[in-house]
Amino acid sequence: MGYAEVSVNSPVAQRRAFSYTIPPGLGIDIGQAVWVPFGNKLLQGIVLELSRYPSVEETKEIAGVIEPRPLLSPSQVLLARWLSKHYLSPLFDAVALMLPPGFERKTLTFISCPSHQPDVSSLRPEQRQVLDLVQKQGKISFKELEKALGKKRAQTTVSQLVGRGLVVRSYELEKVRVKPKQERYLSLSVMVDQARQEATKLRQKGAIRQATLLEFLAKQSQSVPWAEARRRSNCNKAVADALVSKGLITLQQIEVNREPISYQNITPSYPLTLSTAQKLAFESIKSDLRQRRENYTSPSIFLLHGVTGSGKTEVYLQALAEAVRLGKRGIVLVPEISLTPQTIERFASRFPGKVAVLHSKLSLGEQFDEWQRIRNGEFDVVIGSRSAVFAPQPDLGLIVIDEEHEWTYKQNDKSPRYHTRDVAIKLAELTGTVVILGSATPDVATFYHAQQGEYHLLQLPERVTPSEGSPLPQVELVDLRQELKAGNRSIFSRSLSQATAKAVANGEQVILFLNRRGGATFIQCRNCGFVLRCQRCEVPLTYHFTENTLVCHRCNYRTSVPQVCPHCLSRRIKFLGTGTQKLEQEASFAFSQARLLRWDSDVTRGKHSHQEILDKFRNHEADILIGTQMIAKGLDLPLVTLVGVINADTGLNLPDFRAGEKTFQLLSQVTGRAGRGILGGRAIIQTYSPEHYAIQAAAKQDYALFYDKEIAYRRQLHNPPFTRLASLVYSHTNDALCQREAERMKRLLIAERDSTGVANLSLIGPAPAFIHRLRGRFRWQLILRGAELSAFLSQIIIPQGWTIDIDPVSLT
Ligand code: ADP
Ligand code: ZN
Ligand code: ZN
């Protein structure tokens, strides 16, 4: 007899797996999905291990197999175990990352009858009724029996019949319902000339919007998706309906291809001749890929460091092609925001018909189809955002993480709170996969590992551009303190204001960037740029509107807002930054001739709106784009010759040791938006702290300058990568109770540390979390610093209401 260790889909299971007996005749494999009895329920589970002995005395039997083919590979099983252990997450949450989309569906119970002529003489009437129904259909869903007999009676009767061996139960997952995808299209139902005449008539009658839509359609050579028509002719459904009822246009549903990539419009592309630097990088990866075909001992991780436009993607493409030649397949991870049609197209055109896309914006049906096809080995390359690292790609040989420093690679909102990079590296350790981390501004910890020789450092120092020109943009730093002294009270410095007006007048485009995160949280003197900090913790104090106080989010020190600046005695102290709407307003006054377009999360909620805004700007339907973080990412906008950063200090003054790093990365990316075309370009960064190393380095586009300073501070202040952190946040509707629990936990952790003698473990806080109140709940935070945090925390009973984040990317 054999036993299986099963991860069960129940919140009660937590980090444990459970032992089950494998019934005779049932073939059970590692990674397989099974039904198991759990309490008085029947639940889904995944087999993690087979053993000859159970881990507990009494075991129940596995009730059935959900799908004969294992859903997880043996290395994914190990990966799930590691995720649960490292991130202290429930085991099934970790397993679930690797299951087909929509796996956690309802269970349906079916009743069938094994023998053909059962002895029915001693059956009671309702038992006979059930048996009749089952026999008539061969197999019947339990739901139907419930309908016929009522819930209670159906249950007892079936149990009795099962007990006597007259019927058996079996289980199936509810089917994934995949609806065909349809889109509405508009077209003319009259000839173009007639449409034009009708439009003129409508216009005369004052039906301007109908006329506009009709004229728009008259200009199109084929039918137009409704969403596009609506946007471009600025109409609504009532307008279209009016034209339909007049018989001028038709609105029809057309079934569209649900494949995430439409290869119709993609022309194949071929490998480019690599530059010297690209070639060095590629050869290095290639020889590693070849070596590891036979055997591997340690993971092989490459850091490909090169500015935007230095040809990293071309290196990824050729490395992937090499992996494919060796009979392997790859996964390419990009930040969610970069998963644009252009990015996908680049990969799809190099591997026609062989690229799968996985991301959360696809419908469940699309994700499900794609997952199955990936598992069947239909694709050479899977491209997707963070969770695509768990794709069931067979023969995995290469994982590429583009923009590896991006924080969206960390899952923050639910367990397991994993980081894609760490997962990929773990997977590489388990399978011998090669990993390429690419970035213009690598994560400080990643670069440190490369410096230590743990990763291979590959550098692409220059942009590859078709022409000789197009160097990196020139960056100018503007000291905002001087502006006020010179009597300029606008949020635009003289320099930015002149440059913007000039660019717009020349028919060029401008991006105005606002780092909204942190914008209204710290208090700054407009005269000298001074920011109030906690004297003990060094971090900027956070302003709390409701209490009109300043709070340290590390140690809970509180103080009132001073009337004058402690540094220069100016009264212009309470300066809280600007929002995008305010910026838009000011820009419309300052540049009244320019067409403005705002791009932030308030504007973009729908599925396509990012793309719509981007298209609009690219088509030069606006002169100035105003936006937040989103605009910083990989956009290639050749008409943009000027990028203005309204206030570089906003991100710098967050109470987080990564504030400098984040600011450097953002500024580098944003300024990199300028000068992507032949027109060249420049960037203007406005700041109150032009001497800060992160801002200096970003202006000079000098990663080494930034890194050397940053790593020295990290070492000195004992922050990652020289230690690890865990953030523990307790949330509750009652603030005082929340604080007490956080203090209790601190005492508990200290007692545990002292009794077990764990060295080098320190605690910071408790203090109110940076976002003190979230959806009606107060939050208090403890920060744990040390080497073996997961092992230490796993011994402690942590009550409900706590959220643990191991290796958090942000302390705010
Ligand atoms: P990155 O990924 O570092 O931003 P890309 O790979 O996108 O850089 O390259 C930037 C541009 O240069 C792209 O248009 C790309 O097609 C082109 N490019 C890259 N490598 C070469 C090369 N070896 N020869 C010619 N053009 C290249
Ligand atoms: Zn001051
Ligand atoms: Zn403090």
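All heavy atoms count here, side chains included; hydrogens, waters and symmetry mates do not. Whatever order the structure lists ligands and atoms in, that order sets their numbers, starting from 1.
The Zn ion (ligand 2) has Cys525 among its coordinating residues (N/O/S atom, backbone or side chain, under 2.8 Å). Residue contacts to the Zn ion (ligand 3): Cys555 brings an N, O or S atom closer than 2.8 Å.
Here the angle centred on the Zn ion (ligand 3), running from SG of Cys552 over to SG of Cys534, is 110°, rounded to 10°.
Taking 4.0 Å as the cut-off, Gly309 counts as a neighbour of ligand 1 on heavy-atom distance. Residue contact annotation: Val307 has a non-hydrogen atom under 4.0 Å from ligand 1.
Proximity annotation for atom 21 (C) of ligand 1: of Leu272, Leu304, Leu460, Leu272 comes nearest, heavy atoms only. Among Lys312, Arg346, Gln278, the residue whose heavy atom sits closest to atom 7 (O) of ligand 1 is Arg346.
Side-chain atoms of Asp735 and His772 include a donor-acceptor pair closer than 3.5 Å. Remark: the Gln665 side chain and the His405 side chain contain no N/O donor-acceptor pair separated by less than 3.5 Å. Side-chain polar atoms of Ser727 and Gln781 form a donor-acceptor pair below 3.5 angstrom. If you check the side chains of Asn719 and Arg785, you find a donor sitting under 3.5 Å from an acceptor. Side chains of Thr408 and Glu336: no donor on one and acceptor on the other come within 3.5 Å.
When only interatomic distances are considered, the shortest N/O to N/O separation between Gly311 and ligand 1 falls below 3.5 Å. The distance criterion of under 3.5 Å between nitrogen or oxygen atoms is not met by Thr308 with respect to ligand 1.
Each of Phe447, Tyr713, Phe664 was evaluated against Phe706; a single residue qualifies, Phe664, per the ring pair (Phe, Tyr, Trp, His ring centres under 6.0 Å) test.
Heavy-atom proximity to Thr273, at under 4.0 Å, picks out these atoms of ligand 1: 22 (C), 23 (N), 24 (N).
Using bins of under 30°, 30° to 60° and over 60° for the plane-to-plane angle, the ring pair Tyr448/Phe722 lands in the perpendicular bin.
Counting heavy atoms closer than 4.0 Å to ligand 1, residue Ser275 contributes backbone atoms (N, CA, C, O) but none from C-beta onward. Counting heavy atoms closer than 4.0 Å to ligand 1, residue Val315 contributes nothing at all.
Salt-bridge annotation for Arg714 and Glu710: present, with a side-chain N of the basic residue lying under 4.0 Å from a carboxylate O of the acidic one.
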